[in-house]
Amino acid sequence: MAGKTLYDKLWENHLVEQREDGSALIYIDRHLLHEVTSPQAFEGLRLAGRQPWRRDANLAVPDHNVPTDSAERAGGVAGIADPVSKLQVQTLDDNCEAFDIVEIDINDVRQGIVHVVGPEQGATLPGMTVVCGDSHTSTHGALGALAHGIGTSEVEHVLATQCLVQTKMKNLLVRVDGKLLPGVTAKDVALAIIGEIGTAGGTGYAIEFGGEVVRGLSMEGRMTLCNMSIEAGARMGMVAVDDVTLDYVRGRTYAPQGEQWDQAVAAWRDLHSEEDAVFDQVVVLQGEAIRPQVTWGTSPEMVLPIDGTVPDPAQIDDPTRRAATERALVYMGLKAGQSITDIPADKVFIGSCTNSRIEDLRAAAAVVKGRKVAASVKEALVVPGSGLVKQQAEAEGLDRIFIEAGLQWREPGCSMCLAMNADKLGPGEHCASTSNRNFEGRQGIGGRTHLVSPAMAAAAAISGHFVDVSTWEEA
Amino acid sequence: MKAFTVHEGLVGPMDRANVDTDMIIPKQFLKSIKRSGFGPNCFDELRYMDEGQPGQDCSTRPLNPDFPLNQSRYQGASVLLARENFGCGSSREHAPWALDDYGFRCVIAPSFADIFYNNCFKNGLLPVALPAAQVDQLFQEMYAAEGYTLTVDLSRQCVVTPSGAEFAFEVDAFRKHCLLNGLDDIGLTLESAESIRAFEQQHRERAPWVFGAIQ
């Protein structure tokens, strides 16, 4: 019999009941909540007279709606200018109070994007099943956890039963061999993978990322990679536990300590696929072949290396793809054959659950240090992923570097990734964004998002258009 | 939950691949703390000429004449015909809520994004995956005949065209059972409360660090 994959092990370790119809009851270790997808779930509990099954499984933090402007933020919940946003954040506070759920509130220094806060606090740990009403929950798979997004009905289901009814996914191994060239980051790897397999390439699969390149990534890099699994269609992405994982987890607030730490490490050492494990599908990329990536269209699979040119719909045979390409070119205001480096960056956004961790901010700061944002750039935001990331960055002087270069240094939150707060694009504006989705209207109605790494976004801020950060130093 | 057994309804088109959940229900409407009322903002950015705001009266907003679902022939459509990877993007259940509130009972497409697909079943909205060639045929028949309807039969797992042709589709036995009977799956899971407690007890011994840290 073939050996087990990491996903097989995580699944089996949480299997409560296997049913004859193929569905299974899976136990959930950690449930993260935020203000957007939880109110209707709490309302459901209330209507049915139910209580949370295990309150210490849950951790809540507001992130999507919170203002990132320091002045507005200083007023806490009461200070949120948009009354609808304020009500949603207030509702999370009220529900956590009523159901006795621990919340890191808007004024707490630990507040931030739920997918940055979870690992940072040790609230998400290797071997756990982790869910949250947010598709980027796949991020936590970087720790060797089984982590995925759920809808609001399932948020209510997990609150009430500590379980989910699931069917097992197929196993997909994405192996990135070799080494990355200078200037190429986890974000570029993630985008290159999506470019290769498409936004539906991972549908029905749990992805495990492996290979020398993945092993060589920091935890921050692995989180970036797993975060984007959903953009490849896979609800979950994961990386096997190794010393990098353990070094990251050790000493975090909610991580085990002392004897329990040793016991945990012994268990976590088993969290890898066996040598003889068989995957339903294997995709292999060569690290050296990956160039800094830029999306040109309205789906993350519409991505090219920085030296590429915008595709010509006339060259595409498949009618649905041709139509999608034509529509994307119109929406993005681009012409077939145009060089990626000719695309302007009207705005720059460095942040989001994909790229707002300390390593991301260091990479961006290294690029802008001693330089100035191009005069043509209307706004360049740096939004740290959490209050603790912000503190760390300030201790390292990164905030000064950004501010001196002409970028704005903001308070933590989801911000312009999905524009639920005041940070958004205007119609027709091109944005170099370190976020995860370039869908039409995602960052503001008519806004044109180009997904890139933090270093690439920083270089675009300085140049006013997209440039190859790996060769840019000499320019 | 609303049950789904057999539904016959007018078919409307969403003729593009990778329709994402931001397109189905844009982010500004996610600020609502309710489950209902998303229908008027379903496909908001495609459907109207202006920028929609939460709480606005949509009946007086300028409609986009180029958006197919705005055409009179598709008014009252309850079966949405779509292309590959429908519902990709975020996990927002507001997407099926919006489609349901608009009046759709069923979405037919060659493929769906996993989270969206799952969310539909929690809301009495049936996602039907058919081979791309069959979906293409349905698109052609729909465009050719005004008032084109389809019958979607969940118990027999097939889509029936006006000419009587039947296209079979797959659906998980558990999801089918819940949807046919309109079952509350929290209630169903709680029938296994003893198994959950027994598992939890073992799990606590095996992985004590999972429990109690967050207080």
Side-chain angles (χ1 to χ4, degrees), chain A residues 16-17 19 21-23 25 27 29 36-37 39-40 48 56 58-59 65 84-85 87-88 91 102 123 125 127-128 133-135 149-154 156-157 160-163 165 167 199-200 203-204 233 235 254 256 260 264 267 299 320 323-324 327 418-420 437 439-442 445, chain B residues 15-18 20 22-23 26-28 30-35 45 51 54-55 83-85 88-94 96 111-116 118-119 122-123 172-175 177 184-190 192-193 195-196 199-200 203 206-215:
Chain A
V16 176
E17 264 181 23
R19 292 160 176 175
D21 61 16
S23 68
L25 206 55
Y27 189 81
D29 293 328
V36 180
T37 55
Q40 297 88 350
D56 67 72
N58 303 289
L59 182 66
N65 279 277
V84 198
S85 287
L87 176 63
Q88 205 167 46
T91 302
V102 175
L125 294 169
M128 277 185 166
D134 189 284
S135 61
I150 54 178
T152 298
S153 294
E154 288 188 323
E156 185 182 340
H157 195 280
T161 71
Q162 214 50 54
C163 288
V165 180
T167 5
T199 49
T203 303
R235 281 201 297 169
Y254 297 126
Q260 215 174 69
S299 164
T320 307
R327 189 158 36 223
L418 83 168
M420 276 191 78
R437 292 190 174 131
F439 299 156
E440 288 182 22
R442 168 85 177 179
I445 291 177
Chain B
D15 196 353
R16 59 202 278 180
N18 297 316
D20 58 72
D22 280 83
M23 209 179 279
K27 67 262 166 195
Q28 63 268 37
L30 309 188
K31 296 181 189 184
S32 166
I33 55 171
K34 300 196 183 109
R35 246 174 210 272
E45 289 178 16
E51 180 173 342
R83 298 287 185 182
E84 287 82 3
N85 200 27
C88 61
S90 94
S91 65
R92 61 187 71 162
E93 200 160 317
H94 311 68
S111 59
F112 294 89
D114 286 336
I115 302 179
F116 174 82
N118 195 39
N119 283 341
K122 314 287 181 191
N123 294 284
D172 281 358
F174 177 74
R175 284 172 169 147
H177 171 70
D184 159 25
D185 41 329
I186 293 179
L188 274 182
T189 297
L190 286 173
S192 299
S195 311
I196 301 172
F199 174 89
E200 204 166 46
H203 195 46
R206 208 169 47 211
W209 54 86
V210 166
F211 298 84
I214 297 178
Q215 291 292 348

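In what follows, chains carry the letters A, B, and so on, assigned in the order in which the sequence lines appear, proteins first and then strands, with residues in each chain numbered from 1. Note that the structure is a prediction, hence the values are computed from the model and not measured.
- Taking chain B as the reference chain and counting heavy-atom pairs below 4.5 Å, the highest number among A/Ala323, A/Ser299, A/Gly233, A/Gly149 is found for A/Gly149.
- The closest donor-acceptor contact from the side chain of A/Glu440 to the backbone of B/Met23 lies at 3.5 Å or more, if one exists at all.
- Both the backbone and the side chain of A/Thr152 have a heavy atom closer than 4.5 Å to some heavy atom of chain B.
- Only the side chain of B/Asn118 comes within less than 4.5 Å of a heavy atom of chain A; its backbone N, CA, C and O stay farther away.
- Ranked by heavy-atom pairs shorter than 4.5 Å toward chain A, the options B/Gly212, B/Ser111, B/Pro54 are led by B/Gly212.
- Contact of B/Phe116 with chain A is not made at all, since no heavy-atom distance falls under 4.5 Å.
- Distance check: A/Arg235 CZ to B/Ile115 CD1 gives 6.0 Å after rounding to the nearest 0.5 Å.
- Separating the CG atom in A/Leu418 from the NZ atom in B/Lys27 is a distance of 7.5 Å, to the nearest 0.5 Å.
- Most heavy-atom pairs under 4.5 Å with chain B: of the set A/Ala267, A/Ala264, A/Cys163, A/Ala48, this distinction falls to A/Ala264.
- Panel note: side chain B/Ser90, backbone A/Ser135; no donor-acceptor pair is recorded below 3.5 Å.
- Heavy atoms only, all atoms of each residue included: A/Gln88 and B/Leu30 are closest at NE2-O, 2.7 Å.
- Contact detail for B/Ser91 and A/Gly133: the closest heavy-atom pair is OG-C, 3.4 Å.
- Between A/Glu154 and B/Glu93, the closest side-chain pair of non-hydrogen atoms is not below 4.5 Å.
- Heavy-atom pairs under 4.5 Å with chain A peak, among B/Asn119, B/Asp20, B/Asn18, B/Leu188, at B/Asp20.
- Interface residue A/Gln260: backbone and side-chain heavy atoms are both found under 4.5 Å from chain B.
- Both the backbone and the side chain of A/Ile445 come within less than 4.5 Å of a heavy atom in chain B.
- Distance CD/B/Glu200 to CD/A/Gln162: 6.5 Å, rounded to 0.5 Å.
- Looking at residues two or more places apart in sequence or on another chain, you find a side chain to side chain contact (heavy atoms under 4.5 Å, CB included) between B/Ile186 and A/Arg50, A/Glu156, A/His157, A/Ala160, A/Thr161, B/Asp184, B/Leu190.
- Of the listed residues (A/Ala324, A/Gly151, A/Ala419), the one with the most heavy-atom contacts under 4.5 Å to chain B is A/Gly151.
- Counting only heavy atoms from C-beta outward, the side chains of A/Thr199 and B/Cys88 never approach each other to under 4.5 Å.
- Of the two parts of A/Thr203, the backbone and the side chain both hold a non-hydrogen atom closer than 4.5 Å to a non-hydrogen atom of chain B.
- In plain terms, the two heavy atoms of B/Ser195 and A/Glu17 that are nearest each other are OG-OE2, 2.9 Å.
- Of the possible donor and acceptor atoms, none in the side chain of B/Lys31 sits under 3.5 Å from a partner among the backbone N and O of A/Leu87.
- Formation of a donor-acceptor pair under 3.5 Å by the A/Arg437 side chain with backbone atoms of B/Gly89 is found in this model.
- Applying the side chain to side chain contact (heavy atoms under 4.5 Å, CB included) criterion to B/Ala207, with sequence neighbours excluded, gives B/His203, B/Trp209, B/Val210.
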| request: Before giving the answer on side-chain contact (heavy atoms from CB on, under 4.5 Å), spell out for B/His177 and A/Asp21 the whole-Å C-alpha distance, their side-chain angles and the decisive distance to 0.1 Å. | output: CA-CA 10 Å; B/His177 171 70; A/Asp21 61 16; over 6 Å; no
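- Of all the heavy atoms in A/Val165 and B/Thr189, the pair that sits closest is CG2-OG1, 3.7 Å.
- Looking at B/Asp114, its side chain does come within 3.5 Å of a backbone N or O of A/Gly204 through a donor-acceptor pair.
- The candidate from B/Arg35, B/Gln28, B/Arg92 with the greatest count of non-hydrogen atom pairs under 4.5 Å with chain A is B/Arg35.
- Proximity to chain A (any heavy atom under 4.5 Å) is shown, for B/Pro26, by neither the backbone nor the side chain.
- Side-chain contact between A/Val102 and B/Gln215 is absent, with no heavy atoms from C-beta onward closer than 4.5 Å.
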| task | Take B/Ser192 and A/Leu25 through the test side-chain contact (heavy atoms from CB on, under 4.5 Å) and record every step on the way to the result. | result | CA-CA 9 Å; B/Ser192 299; A/Leu25 206 55; 3.8 Å; yes
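- The candidate from A/Pro256, A/Pro39, A/Ala123, A/Ser153 with the greatest count of non-hydrogen atom pairs under 4.5 Å with chain B is A/Ser153.
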